[in-house]
Amino acid sequence: MPDKLRVRFAPSPSGYLHTGGARTALFNYLWAKGQGGSFILRVEDTDEERSTEESMRAIISGLQWLGLDWDEGPDPGEFGASIGPHAPYYQSMRRPLHQQYMQRLWDEDKVFYCPATAEEMTGSDGIKLLFSPYRDISREEQQKRLADGQVMPVRFRCPRDVDVRWEDAVRGEVKISSNEVGDFVLFKGNGAPLYNFVVVCDDIDMQITNVLRGEDHISNTPKQILLHRALGQEPPMFGHVPLIVGMDRQRLSKRHGATAVDAYEEMGVLPEAMVNFLALIGWAPGDDREKMTLAELKTAFDPTRCTKSAGAFNQDKLKHYNELYIRELSADELTERLRPFVPPIWFEHRGEDYARRVFVLQQEKISYLTEMEQNTWYFFRDPLEEDSNEKNVAKFLTGNADAKKVLGEIHDAMESLSDEQWAEERLTLIVEAFVESSGLGRGKVMQPWRVALTGDSISPGFYDLVVTLGRDTVLRRVEEWLKKL
RNA sequence: GGCCCUAUCGUCUAGUGGCCUAGGACGCCGCCCUCUCAAGGCGGAAACACGGGUUCGAGUCCCGUUAGGGCUGCCA
């Protein structure tokens with residue numbers, strides 16, 4: 001393709017950005033940017049009944065979160081404003097253009113005002129008619145009815161018996177008979193333009209070269225191709241990607257849990273994990289690569305490699321990608337990403353460095369950012385009796401005959417250490433000496449300590465725990481238990 | 001109902017007539033490591049929906065069946 005690709009993502013702001021839409025946006029972005037083209041965001045808000053500003057804001061922030069920056073489209077900084085040579089990018093603001101194209105179709109007699117009632121558009125079998133019985137009504141008659149104040153929709157006079165074909169970027173040649181299309185409506189009786197017409201006007205005006213969308217749009221494609229031709233334009237290249245379904249192969253819905261991307265953001269999913277995961281539903285690079293960054297995806301993406309069957313949203317896999325990306329974060333990055341997910345006071349408790357050290361200790365153990373808080377709280381607060389796991393307290397402390405000795409002897413030895421000596425090397429000497437003299441296994445020694453220090457039997461490695469908590473905290477917590485045993 | 005689409009392990013997929021006794025990943029199971037939990041390492045179970053063709057040869061091409069899905073709006 002000699003000309004630069006111009007690809008658009010055109011969501012209708014009637015809900016949140018769901019995972020299917022996010023993936024469509026991603027594929028469009030990858031296709032455009034991989035070819036050095038432009039990624040355009042256009043708001044399909046022709047249905048004023050259902051479009052909301054709130055929804056548009058959610059979609060914009062969802063795309064931004066994923067890192068899918070658009071070259072032209074709504075100004076993310078100012079709602080309603082647009083950036084780009086074909087502004088505005090809100091369809092509802094492009095009425096003059098739509099009127100202009102409508103005028104052309106009218107002048108060339110390619111559309112007609114349809115006076116058919118609902119009954120007249122219904123066949124004897126009760127099924128909707130595709131072609132209007134008034135499609136050949138004279139212009140004089142149309143104008144007369146208009147003059148009489150009759151409210152009529154404008155329909156496209158669809159040619160009969162022609163095959164509409166296109167080379168679909170993902171499914172190859174597709175052919176649909178115009179007899180399956182019919183005289184579809186362009187303008188409602190109240191004068192409001194409809195989707196199929198507006199899309200074509202805007203795609204022409206914005207010089208869109210490639211359209212990649214969900215396969216639920218396949219039946220719209222012949223309508224749009226017919227309209228492009230009626231307007232004397234070569235249609236863009238179309239591609240239709242399969243839908244994303246739930247693990248039960250049903251269309252994604254609330255039943256399947258979170259469907260909005262911002263819900264995953266709140267869940268502590270990293271955008272790079274989400275992007276990677278989404279990219280591999282319905283597409284694969286062809287080699288065995290699985291973990292790919294947005295940049296890598298850009299260069300590898302090829303719509304002809306898209307799958308033709310629906311892919312299921314497997315949250316276990318998303319979780320896996322999230323673990324992968326969390327693990328490779330630097331200490332600083334990890335801390336910044338975690339900031340919205342833990343109490344602000346944690347950073348003041350003993351300072352940023354302390355918080356960072358704690359987070360790194362658990363970095364490899366969490367699947368979602370939201371899990372950090374529940375895994376590290378005891379680094380920021382002494383575990384109270386009620387914070388502690390009752391069963392483990394009973395097993396390793398209160399119901400353990402060796403507990404007093406294990407805690408006491410090691411405590412006394414540790415107490416002789418200065419803050420400077422409080423490091424893994426010296427601590428190891430103490431613990432190992434006790435292990436040897438007592439004849440108890442390391443597990444029998446370390447578990448009571450772990451429960452005393454954290455309230456539970458699960459924690460980072462013993463020395464990491466003791467060193468990070470520090471001398472004062474460790475001794476204080478153990479002394480508390482010594483009093484009770 | 002009509003029109004259209006799809007069909008490889010539970011899931012995401014590789015596979016474009018011989019390289020396939022079907023590869024990778026998630027999940028699952030086992031073992032190793034080990035102070036707990038993870039991580040990591042090693043290994044394992046697990047699929048070409050079914051039936052006909054075409055061909056020397058079919059997961060790969062064709063037809064049918066079955067099963068899913070989409071569309072069928074004066075929504076997008």
Side-chain angles (χ1 to χ4, degrees), chain A residues 10-15 21 44-47 49-51 91 114 116 118 121 125-128 130 151-155 168 171 174-177 179-182 184-196 198-199 213-220 222 240 242-251 277 279-291 305 307-321 323-324 327 362-367 375 392 396 431 435 441-451 454 456-465:
Chain A
S12 76
S14 55
E44 223 100 303
D45 57 350
T46 51
D47 187 341
E49 300 273 295
R50 298 197 300 180
S51 299
Q91 274 185 333
C114 179
M121 283 303 290
D125 52 3
I127 292 174
K128 285 233 165 67
L130 284 172
V151 170
M152 298 176 285
V154 177
R155 287 180 187 272
D168 195 284
R171 17 189 77 222
V174 179
K175 183 181 77 178
I176 293 177
S177 167
N179 295 335
E180 303 292 338
V181 175
F184 56 96
V185 175
L186 265 32
F187 283 80
K188 304 212 277 189
N190 68 8
L194 255 17
Y195 171 74
N196 281 114
V198 173
V199 162
R213 58 207 335 190
E215 71 175 16
D216 51 336
H217 277 283
I218 286 180
S219 61
N220 287 323
H240 296 88
L243 272 19
I244 296 178
V245 297
M247 289 293 278
D248 56 2
R249 315 253 21 131
Q250 297 299 302
R251 202 179 189 139
F277 168 70
L280 295 184
I281 300 180
W283 178 83
D287 47 41
D288 281 340
R289 279 183 296 172
E290 303 256 349
K291 183 168 176 294
R305 289 197 55 81
T307 303
K308 286 196 263 299
S309 55
F313 189 97
N314 182 344
Q315 203 171 318
D316 278 335
K317 195 133 188 176
L318 171 60
K319 177 178 165 189
H320 172 251
Y321 282 114
E323 290 165 349
L324 248 37
R327 271 181 239 146
Q362 289 287 18
Q363 184 168 14
E364 299 218 317
K365 303 189 189 188
I366 63 170
S367 301
N375 284 357
N392 285 316
F396 296 109
V431 173
V435 166
R442 286 188 189 81
K444 293 253 187 266
V445 175
M446 291 173 173
Q447 284 302 79
W449 270 81
R450 204 183 306 274
V451 176
T454 72
D456 209 342
S457 59
I458 298 169
S459 88
F462 180 79
Y463 298 106
D464 281 333
L465 174 68

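Quick note on labels: first sequence line is chain A, next is B, and so on, each numbered from 1.
- Between the side chain of A:Lys308 and the base of B:rA7 there is no donor-acceptor pair of N/O atoms closer than 3.5 Å.
- Counting only heavy atoms from C-beta on, A:Phe462 has its side chain closest to B:rC35 among B:rC12, B:rC26, B:rC35.
- As judged by a 4.0 angstrom heavy-atom cut-off over every strand, A:Gly441 is placed among residues making no nucleic acid contact.
- The side chain of A:Arg50 contributes no N or O atom lying less than 4.0 Å from OP1 or OP2 of B:rG73.
- In this structure, A:Gly214 reaches neither bases nor backbone, as no heavy-atom distance under 4.0 Å exists between it and the strands shown.
- At the phosphate of B:rG70, OP1 or OP2 sits under 4.0 Å from a side-chain N or O atom of A:Arg251.
- Checking B:rG15, B:rA39, B:rC75 against every side-chain atom of A:Arg305, the shortest atom distance belongs to B:rG15.
- Residue A:Leu186 is classed as having no contact, given no heavy-atom separation below 4.0 Å to the nucleic acid.
- Annotation for A:Lys291: atom NZ counts as buried by contact number, over 12 foreign heavy atoms lying within 6.0 Å.
- When Watson-Crick and G-U wobble pairs are counted only if both distances are under 3.5 Å, B:rU6 pairs with B:rA67.
- Taking the P atom of each, B:rA39 and B:rC29 are spaced 12 Å apart, rounded to whole Å.
- In the interface, the side chain of A:Asp216 is not paired with the base of B:rA76 through any donor and acceptor atom under 3.5 Å apart.
- Comparing the P positions of B:rA46 and B:rU11 gives an interatomic distance of 16 Å, to the nearest angstrom.
- Here the nucleotide nearest the side chain of A:Ala284, chosen from B:rG15, B:rU13, B:rC37, is B:rU13.
- Using bins of under 30°, 30° to 60° and over 60° for the plane-to-plane angle, the ring pair A:Phe462/A:Trp449 lands in the perpendicular bin.
- Close to B:rG70, at under 4.0 Å from its OP1 or OP2, lies no side-chain N or O of A:Arg171.
- Both stacking criteria are satisfied for A:His217 over the base of B:rA76: a centre-to-centre distance under 5.5 angstrom and an angle between ring planes under 30 degrees.
- Nucleotides B:rA67 and B:rC62 are separated by 22 Å at their P atoms, to the nearest Å.
- Distances from the side chain of A:Ala312 to the nucleotides B:rA76, B:rG69, B:rU11 place B:rU11 closest.
- One C1' atom belongs to B:rC48, the other to B:rG23, and the distance between them is 13 Å to the nearest Å.
- Checked against B:rC37, B:rC35, B:rC74, the side chain of A:Ile458 finds its nearest nucleotide in B:rC37.
- When both distances must be under 3.5 Å, the Watson-Crick or G-U wobble mate of B:rA22 does not exist.
- Checking the phosphate oxygens (OP1, OP2) of B:rG68, no side-chain nitrogen or oxygen of A:Gln250 falls inside 4.0 Å.
- If you check B:rA25, B:rC71, B:rC75 against the side chain of A:Glu290, the one that comes closest is B:rA25.
- Pairing for B:rC75 is absent, with no Watson-Crick or G-U wobble pair whose two atom distances lie under 3.5 Å.
- For the P atoms, the distance linking B:rG59 with B:rU16 amounts to 13 Å, nearest Å.
- Listed nucleotides B:rA76, B:rG73, B:rG40 differ in distance to A:Lys128; the shortest reach to its side chain belongs to B:rG73.
- For A:Arg289, no side-chain nitrogen or oxygen approaches OP1 or OP2 of B:rA14 to under 4.0 Å.
- Taking the side chain of A:Ser309 as heavy atoms from C-beta on, and the options B:rA25, B:rC74, B:rU6, the nearest nucleotide is B:rU6.
- Base engagement by A:Pro460 is indicated by at least one non-hydrogen atom pair under 4.0 Å involving a base atom.
- Base pairing of B:rA58 is not made with any nucleotide, judged by Watson-Crick or G-U wobble geometry with both donor-acceptor distances under 3.5 Å.
- B:rC63 and B:rA22: their C1' atoms are spaced 25 Å apart (whole Å).
- Only the P atoms considered, B:rG68 is 28 Å distant from B:rG15, to the nearest whole Å.
- For A:Arg327, the side-chain atoms get nearest to B:rA39 when compared with the rest of B:rG70, B:rG23, B:rA39.
- Distance noted for atom C1' between B:rU54 and B:rU60: 13 Å (whole Å).
- Rounded to whole Å, the distance from CD1 on A:Ile127 to C1' on B:rU72 is 9 Å.
- Remark: A:Thr46 is in phosphate contact with B:rA76, judged by side-chain N or O atoms under 4.0 Å from OP1 or OP2.
- When distances run from any side-chain atom of A:Tyr195 to the nucleotides B:rA76, B:rU36, B:rC12, the shortest one goes to B:rA76.
- Side-chain nitrogen and oxygen atoms of A:Ser14 include none within less than 4.0 Å of the OP1 or OP2 phosphate oxygen of B:rC75.
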